[in-house]
Asks: 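Shown below is the structure under consideration.
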Amino acid sequence: MKTKIGYFASVEQYKPMDALKQSVRAENVGFDSIWVDDHFHPWYHTGAETAHAWTWMASTLQATKKVFISTCITCPIIRYNPAIVAQAFATMRQMYPGRVGVAVGAGEAMNEVPVTGVWPSVPERQEMTVEAIEVMRKLWESKEPVSFKGKYYKLDKAFMYTKPTDEVPLYFSGMGPKGARLAGKYGDHLMTVAADPKTLKNVTVPNFVAGAKEAGKDPSKMERAMLLWYSVDPDYEKAIEGLRFWAGCLVPSMFKYPVYDSKEVELHANLVGHDMIKNNYVVATDAEELIKQINKFKDAGITHFCLGNSSPNVDAGIDIFKEVIPAVTE
Ligand SMILES: C[C@H](OP(=O)(O)OC[C@@H](O)[C@@H](O)[C@@H](O)CN1c2cc(O)ccc2Cc2c1[nH]c(=O)[nH]c2=O)C(=O)N[C@@H](CCC(=O)N[C@@H](CCC(=O)O)C(=O)O)C(=O)O
Ligand SMILES: CCCCCC(=O)CC
């Protein structure tokens, strides 16, 4: 499978119009895809945004020419009803055939708790995600009104009048082994987040492959996509500091406890040291280093990169890919 290089245009880190302009630039540079975070609260407080991902996607589809665009990722189980998620993505896929995807996952407290007060356990959220996908696919595919009585969601003669013209590719996020297995079984493709390449190769990918086989699918035809943040700058220390916005994602307690106040996340993020940032994200001073680091994840089995640009000079962080893309995709 040919490696694809995608651009993760964050609407929690950047103003929505800036993220749109970055996406236009990324398409011109040769990125294969554009990905957008779907958040209510952001991973940092100071200077942060959280534009609505689907609204932003619709504008960005119109502003770009042919690039594929997907969320990375949408949690379709608590603040959103899965039928409405299905409707939004069906509308976009009909208007922009072949260009729209959706990635789903079991969610984060910061996006669900502030507006619902609801936060089930991980196993329950994973079960809800699987049922939400069933609801979405039924509405996309059925030629008749659908009635469905699941454990979490119900449909009563629901009919989706505006259908996607073709199948909406569904990326399923799995960060843990069980999540990766569910991704293989129920998703069209895997979505995950950068981890130690050994863990990706020996745990995440094998679980994804096993899940796909369990469902009778051919895993070699399924993408393994991964969100990976990077920062590039001639000044190495400045490049590391560019990734501060995402340092909260490196704090384990953010996942163990339902933390949903972005000011609290920022307090933790500011305590993360430079070593931890450079060991978990891609920090580079030039294209050669970016190529080397991306190749490490390619060797671990990743086939589609969603690259989050946290470079001090954002445009330079896009343009350098004129050199990187040919080197990592051939
Ligand atoms: C927590 C792990 O669950 P998993 O299902 O594998 O992954 C969850 C993620 O997919 C979601 O949180 C996802 O919504 C995060 N996310 C995101 C993910 C991604 O791959 C790319 C981009 C994004 C961006 C994004 C996200 N979410 C949004 O809402 N919006 C976004 O833009 C996990 O570790 N699972 C383990 C099982 C863990 C478990 O069950 N633990 C037990 C306790 C165990 C113990 O304490 O000993 C429990 O909690 O009950 C697994 O194996 O699956
Ligand atoms: C370990 C990081 C999980 C994904 C965080 C996220 O929401 C990024 C937009």
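Counting starts at 1 for both ligands and their atoms, in listed order. What you are looking at is a predicted structure, and each value in this text was computed from that prediction instead of being measured.
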Asks: Give the residue, atom name and distance (to 0.1 Å) of the protein heavy atom nearest atom 5 (C) of ligand 2.
Replies: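 I find the closest protein heavy atom is E108 OE2, 3.2 Å.
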
Asks: Is it true that E223 and Y171 share a donor-acceptor pair across their side chains at a distance under 3.5 Å?
Replies: yes

Asks: Ignoring hydrogens, tell whether any protein atom lies closer than 4.0 Å to atom 44 (C) of ligand 1; use the non-hydrogen atoms only.
Replies: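 No, no protein heavy atom sits under 4.0 Å from atom 44 (C) of ligand 1.
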
Asks: For W229, take its heavy atoms, then give the atoms of ligand 2 lying under 4.0 Å from any of them.
Replies: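 So the answer, numbered in order with elements, is 8 (C).
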
Asks: Under 4.0 Å from a heavy atom of E12: which atoms of ligand 2 are those, numbered in the order shown and with their elements?
Replies: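 Within the 4.0 Å cut-off of E12, ligand 2 contributes 9 (C).
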
Asks: In Å, rounded to the nearest 0.5 Å, how long is the span from CG of L182 to CD of E214?
Replies: 9.0 Å

Asks: Does any N or O of ligand 1 fall below 3.5 Å from an N or O anywhere on C75, backbone included?
Replies: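 By distance alone, the answer is no.
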
Asks: Determine, stepwise, if the pair N313 / S311 fulfils side-chain hydrogen bond (donor to acceptor under 3.5 Å, both in side chains).
Replies: CA-CA 5 Å; N313 180 336; S311 307; over 6 Å; no

Asks: Please determine if I73 has a nitrogen or oxygen closer than 3.5 Å to a nitrogen or oxygen of ligand 1.
Replies: yes

Asks: Does Q126 approach ligand 1 within less than 4.0 angstrom via side chain, backbone, both or neither, non-hydrogen atoms only?
Replies: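 Under 4.0 Å from ligand 1, Q126 contributes side-chain atoms alone.
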
Asks: Nearest non-hydrogen atom to atom 7 (O) of ligand 2 belongs to which of Q13, H39, M191?
Replies: H39

Asks: As a check for students: among A103, S173, G105, S121, identify the option with a heavy atom nearest to atom 10 (O) of ligand 1.
Replies: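 Comparing heavy atoms across A103, S173, G105, S121, the nearest one to atom 10 (O) of ligand 1 lies in S173.
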
Asks: Which distance, rounded to the nearest 0.5 Å, do you find between the OH of Y7 and the OG of S33?
Replies: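 Separation between the atoms: 12.5 Å.
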
Asks: Taking atom 21 (C) of ligand 1 as the point of reference, which of V193, V11, T50, L228 owns the nearest heavy atom?
Replies: V193

Asks: Atom 52 (O) of ligand 1: which protein heavy atom is closest, and how many Å away?
Replies: K178 N, 2.8 Å

Asks: For ligand 1 and R125, I'd like to know whether there is a polar contact (N/O to N/O, distance under 3.5 Å).
Replies: no

Asks: Within the structure provided, determine whether L227 and F8 are in side-chain contact (heavy-atom separation under 4.5 Å).
Replies: yes

Asks: Please write down residue, atom name and distance for the protein heavy atom closest to atom 6 (C) of ligand 2.
Replies: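 Looking at atom 6 (C) of ligand 2, the protein heavy atom closest to it is W43 NE1, 3.2 Å.
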
Asks: Do the side-chain N and O atoms of S10 and D37 include a donor-acceptor pair separated by under 3.5 angstrom?
Replies: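 A pair is found: one side chain offers a donor N or O, the other an acceptor, under 3.5 Å apart.
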
Asks: Is the closest basic N to carboxylate O distance between K263 and E266 below 4.0 Å?
Replies: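 No salt bridge links K263 with E266.
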
Asks: Does one side chain, of W229 or N280, offer a donor that lies under 3.5 Å from an acceptor on the other?
Replies: no

Asks: May I ask you to check if ligand 2 and W246 share an N or O to N or O distance below 3.5 Å?
Replies: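 It does not: no N or O of W246 is found under 3.5 Å from an N or O of ligand 2.
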
Asks: Quick one: does any side-chain atom of E49 pair with a main-chain N or O of Y14 as donor and acceptor, under 3.5 Å?
Replies: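 It does not hold such a pair.
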
Asks: Should the proximity of T192 to ligand 1, defined as any heavy atom under 4.0 Å, be assigned to the side chain, the backbone, both, or neither?
Replies: backbone

Asks: The test is side-chain hydrogen bond (donor to acceptor under 3.5 Å, both in side chains); show your working for E12 and H41 and say whether it passes.
Replies: CA-CA 8 Å; E12 62 194 288; H41 275 179; over 6 Å; no

Asks: Given D299 and K201, is the salt bridge (Lys or Arg N to Asp or Glu O under 4.0 Å) satisfied, shown in steps?
Replies: CA-CA 8 Å; D299 294 344; K201 188 173 179 170; over 6 Å; no

Asks: Looking just at side-chain N and O atoms, do Q62 and Y96 make a donor-acceptor pair shorter than 3.5 Å?
Replies: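 A donor-acceptor contact under 3.5 Å links the two side chains.
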
Asks: Can you tell me the protein heavy atom closest to atom 49 (O) of ligand 1 and the distance?
Replies: V122 CG2, 3.2 Å

Asks: Closest non-hydrogen protein atom to atom 15 (C) of ligand 1, residue and atom name please, with distance?
Replies: E108 OE2, 3.4 Å

Asks: Number the atoms of ligand 2 from 1 as they appear, then name those within less than 4.0 Å of a heavy atom of D37, with their elements.
Replies: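 Within the 4.0 Å cut-off of D37, ligand 2 contributes 9 (C).
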
Asks: Kindly confirm or rule out an N or O of G174 lying under 3.5 angstrom from an N or O of ligand 1.
Replies: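 No; the residue has no nitrogen or oxygen that sits under 3.5 Å from a nitrogen or oxygen of the ligand.
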
Asks: Under 3.5 Å, is there a donor-acceptor pair between the side chain of E27 and the main chain of T64?
Replies: no

Asks: Name the closest protein heavy atom to atom 8 (C) of ligand 1, giving the residue it belongs to and the distance to 0.1 Å.
Replies: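 Among all protein heavy atoms, the one nearest atom 8 (C) of ligand 1 is M175 SD, 4.1 Å.
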
Asks: Going by distance only, is there an N or O of G179 that falls short of 3.5 Å from an N or O of ligand 1?
Replies: yes

Asks: Of all the non-hydrogen atoms in the protein, which one sits nearest to atom 36 (C) of ligand 1, and at what distance?
Replies: G176 CA, 3.9 Å

Asks: Is atom 47 (O) of ligand 1 touching the protein, meaning some protein heavy atom lies under 4.0 Å away?
Replies: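 Under the 4.0 Å cut-off, atom 47 (O) of ligand 1 has no protein heavy-atom neighbours at all.
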
Asks: Any idea which protein heavy atom is nearest atom 24 (C) of ligand 1, and the distance to it?
Replies: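 Result: C72 O, 3.3 Å.
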
Asks: Between N111, T116, D38, which is the residue that forms a side chain to side chain donor-acceptor pair (under 3.5 Å) with R79?
Replies: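 Single side chain to side chain donor-acceptor pair (under 3.5 Å) partner of R79 among N111, T116, D38: D38.
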
Asks: Go through the steps to decide whether Y230 and F321 satisfy the test ring pair (Phe, Tyr, Trp, His ring centres under 6.0 Å), and finish with yes or no.
Replies: CA-CA 12 Å; Y230 72 96; F321 276 82; 5.2 Å; yes

Asks: Determine, counting only non-hydrogen atoms of the protein, whether one lies under 4.0 angstrom from atom 19 (C) of ligand 1.
Replies: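 Given the 4.0 Å cut-off, atom 19 (C) of ligand 1 counts as touching protein heavy atoms.
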
Asks: Could you check whether H39 and E108, counting side-chain N and O atoms only, form a donor-acceptor pair closer than 3.5 Å?
Replies: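 Per modelled atom types, E108 and H39 side chains form a pair under 3.5 Å.
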
Asks: Among protein heavy atoms, which lies nearest atom 14 (O) of ligand 1, and at what distance?
Replies: G107 N, 2.8 Å

Asks: Indicate, as side chain, backbone, both or neither, the part of N111 found under 4.0 angstrom from ligand 1 when only non-hydrogen atoms are considered.
Replies: side chain

Asks: Answer yes or no: does atom CD of E288 have more than 12 heavy-atom neighbours from other residues, nucleotides or ligands under 6.0 Å?
Replies: no

Asks: For ligand 1, is there an N or O atom under 3.5 Å from any N or O atom of P123?
Replies: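 No, no N or O pair falls under 3.5 Å.
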
Asks: Of the protein's non-hydrogen atoms, which lies at the shortest distance from atom 1 (C) of ligand 2, and what is that distance?
Replies: F255 CZ, 3.5 Å

